[in-house]
J.: 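Sharing a structure, written as structure tokens. Questions coming.
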Protein chains: 2
Amino acid sequence: MTSAKKRKADLQYGVITLRNVIGYNHLCDIVEQENAPRQAEQKFEMSHFTAVIADDHAIVRSGLKVALENERLVDGHNIGVVAEAGNGLDAIAAVKQHRPDMLVLDVSMPVAGGVEVLVETRRWSPDTRVIVFTGISAMGKVSELVEAGVDGLFSKAEDNQDLYRNVPMILQGGRYISPFFTSILDNAPQQSVLTDRERQILNLIVAGQSNKEISAHLGISAKTVDRHRTNLMQKLDVHSVAQLIAYSLREGLIDPAAEI
Amino acid sequence: MTSAKKRKADLQYGVITLRNVIGYNHLCDIVEQENAPRQAEQKFEMSHFTAVIADDHAIVRSGLKVALENERLVDGHNIGVVAEAGNGLDAIAAVKQHRPDMLVLDVSMPVAGGVEVLVETRRWSPDTRVIVFTGISAMGKVSELVEAGVDGLFSKAEDNQDLYRNVPMILQGGRYISPFFTSILDNAPQQSVLTDRERQILNLIVAGQSNKEISAHLGISAKTVDRHRTNLMQKLDVHSVAQLIAYSLREGLIDPAAEI
DNA sequence: TTTGAAATGGGGGATTCACCTCATTCAGCC
DNA sequence: GGCTGAATGAGGTGAATCCCCCATTTCAAA
């Protein structure tokens with residue numbers, strides 16, 4: 001009971017958009033399922049695997065398709081790409097329909113992001129191995145993915161051989177995070193030292209709201225917002241709104257394309 | 001003479017990094033060369049073309065290589081990829097060495113960006129047709145590329161058929177900007193209403209510097225910086241640093257990955 | 001049960017920001 | 001020569017920021 005409450009708190013302010021899209025009670029259900037043991041081991045003897053590819057760039061999808069279906073790259077494994085998706089919703093639909101052995105996923109996609117697709121895949125097709133192949137390096141997103149239980153995590157900026165070599169192991173139930181990302185996680189100095197409330201207020205600050213506006217929005221005193229702001233800046237070692245926003249950008253906390 | 005001076009002014013503060021890397025007098029020389037007529041017509045009868053691919057993601061390079069070398073995609077044209085580059089400097093080196101018929105280029109690359117590679121290519125291999133294939137949509141970068149005289153401009157977010165279909169025409173001396181980007185250029189409201197100095201100060205503001213720091217950096221009074229800041233915000237119709245940064249991000253004036 | 005972390009709020013002060021008005025210099029243009 | 005636009009700089013005002021001080025309450029962990 002207490003652990004459920006804690007989990008609830010952990011998810012509450014993680015990323016605002018995520019909470020708005022599917023609701024955080026729903027999210028808790030997903031985490032319950034995700035923590036249940038998976039039965040991927042029964043596929044040990046199979047030689048043919050199905051895959052779904054989700055990336056907003058067609059050139060990446062076609063490149064991945066060629067690479068995955070060429071057994072000389074992914075050694076000894078016969079992989080067939082049964083569906084491609086150019087956005088998050090299409091990816092979720094494809095997973096529901098095909099329930100593939102693996103899903104290769106980008107993080108930044110239109111309509112629904114990689115994290116949403118990951119948790120929805122766990123819900124509708126828990127046996128699907130989810131491999132995230134992305135160009136981002138923002139610490140926030142990376143830790144989100146790992147906490148959500150991604151099975152494989154590879155960077156587009158690195159040599160693809162790392163991906164091809166580890167696909168068989170992941171298909172057999174293994175889990176692999178590329179050194180590119182583990183070093184990002186290791187080098188995170190204070191990472192998630194921010195409290196839920198601080199994270200929430202950071203989102204409103206970078207949205208361009210003043211202390212007064214934030215206080216009205218949250219129904220608390222402007223002085224309290226100021227208090228949180230001070231703690232925030234001390235923790236992150238920045239000394240102005242501009243630096244605060246620059247930090248948030250690097251960590252992927254805000255969406256550059258979002259309107260003010 | 002007057003037009004040359006005007007061009008000089010246009011380039012002076014376009015993007016600070018660009019000016020720092022190669023110097024703006026050098027840039028003017030490149031523009032002179034770029035405006036000179038090209039002699040690509042002599043290749044009308046050739047059946048084999050050489051290409052260099054530059055993209056920081058290996059999966060995109062391999063996908064492009066497969067697509068370009070498949071004559072069913074690029075109809076009737078035999079294209080051979082003679083070199084690949086994962087960053088801007090490698091791309092420039094490859095162009096110098098191979099002087100290819102075409103260069104397929106991404107905009108956001110490590111070490112040197114797509115615009116720098118484009119102007120350097122014009123300098124060292126003026127006959128090379130430069131095709132930019134990118135995922136960005138920031139108005140600033142797009143207009144920069146068009147002004148620099150890119151031969152083809154295609155979006156990764158759109159259907160790749162548009163690229164494949166137009167490569168032969170571009171190889172024969174044509175020029176093609178995808179509708180995806182022309183609509184971005186058309187919808188630009190006021191674009192370059194900012195003066196050179198204002199653009200420069202905007203860059204320092206979004207870098208997190210205070211008026212005092214900026215005044216010290218530029219050797220002018222803090223009051224003058226304040227003056228520019230006020231004009232800046234009036235022109236862009238924003239009322240806080242946060243909104244200012246959000247604007248700069250949308251227009252691609254700053255690099256989200258840059259350190260403070 | 002104590003301890004501590006987190007959220008809440010208040011007072012105050014130094015600094016900076018945002019936005020006025022006004023003036024000068026210097027370049028290019030008709 | 002006069003005009004315009006850009007850059008420069010001064011003075012001032014009200015608001016907001018940044019950072020101290022202080023306190024209470026709640027809740028979970030030791």
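Chain A is the first sequence line, chain B the second, and so forth, proteins listed ahead of strands; every chain is numbered from 1.
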J.: Output the rounded distance in Å from CG (B:L236) to P (C:dC19).
T.: 12 Å
J.: Test your reading of the model: is there a side-chain donor-acceptor pair from A:T230 to the backbone of A:D226, 3.5 Å cut-off?
T.: yes
J.: For a quick test of reading the model: is some side-chain N or O of B:S221 closer than 4.0 Å to OP1 or OP2 of D:dA10?
T.: yes
J.: Donor-acceptor pair, A:R229 side chain versus A:I205 backbone, under 3.5 Å?
T.: no
J.: Quick check for you: among C:dC19, C:dT8, C:dA18, whose closest atom lies nearest to any side-chain atom of B:H239?
T.: C:dC19
J.: Measure the distance from NE2 on A:H228 to P on D:dT17 and round it to the nearest whole Å.
T.: 15 Å
J.: Write down the atom of B:D106, the atom of B:K156, and the distance for their closest heavy-atom approach.
T.: OD2-NZ, 3.4 Å
J.: Using whole Å, report how far CG of A:L232 lies from P of D:dC19.
T.: 11 Å
J.: Determine which pairs satisfy ring-ring contact (aromatic ring centres under 6.0 Å, His included) with at least one residue from residues 130-154 of chain B, sequence neighbours left out, and list them in order.
T.: B:F154-B:Y176
J.: Whole angstrom is fine here: how far is it from CZ in A:R229 over to C1' in D:dC20?
T.: 16 Å
J.: On DNA chain D, does the nearest nucleotide to A:N211 precede the nearest nucleotide to A:Q234 from the 5' side, or the other way round? Give the residue.
T.: A:N211
J.: Tabulate atom names and distances for all N/O pairs under 3.5 angstrom spanning the protein and nucleotides 11-14 of chain C.
T.:
| unit_1 | atom_1 | unit_2 | atom_2 | d |
| --- | --- | --- | --- | --- |
| C:dG12 | O6 | A:K223 | NZ | 2.5 |

J.: For C:dA7, does OP1 or OP2 lie under 4.0 Å from any side-chain N or O of A:R227?
T.: no
J.: From CG of B:L218 over to P of D:dT8, roughly how many Å is that when rounded to an integer?
T.: 8 Å
J.: Tell me the interatomic distance from B:L244, atom CG, to C:dC19, atom C1', rounded to whole angstroms.
T.: 15 Å
J.: Taking only the side-chain heavy atoms of A:M233 (C-beta and beyond), determine which of D:dT8, C:dC17, D:dC18 contains the nearest atom.
T.: D:dC18
J.: For the side chain of A:T224, counting heavy atoms from C-beta on, which of C:dG9, D:dG9, D:dT17 is nearest?
T.: C:dG9
J.: What nucleotide among C:dA7, D:dC21, D:dA16 has an atom nearest to a side-chain atom of A:K212?
T.: D:dA16
J.: In whole Å, I'd like the distance from the CD atom of B:Q209 to the C1' atom of C:dC17.
T.: 16 Å
J.: What nucleotide among D:dG9, C:dC17, D:dA6 has an atom nearest to a side-chain atom of B:T195?
T.: D:dA6
J.: Begin from the C-alpha positions of B:L204 and B:L218 and carry the test side chain to side chain contact (heavy atoms under 4.5 Å, CB included) through to its verdict.
T.: CA-CA 10 Å; B:L204 296 171; B:L218 296 181; 4.1 Å; yes
J.: Nearest heavy-atom pair of A:V241 and A:M233: which atoms, and what distance?
T.: N-CE, 3.8 Å
J.: Do B:E198 and B:N231 touch side chain to side chain, with heavy atoms closer than 4.5 Å?
T.: yes
J.: B:N231 CG to C:dT21 P: how many Å, rounded?
T.: 12 Å
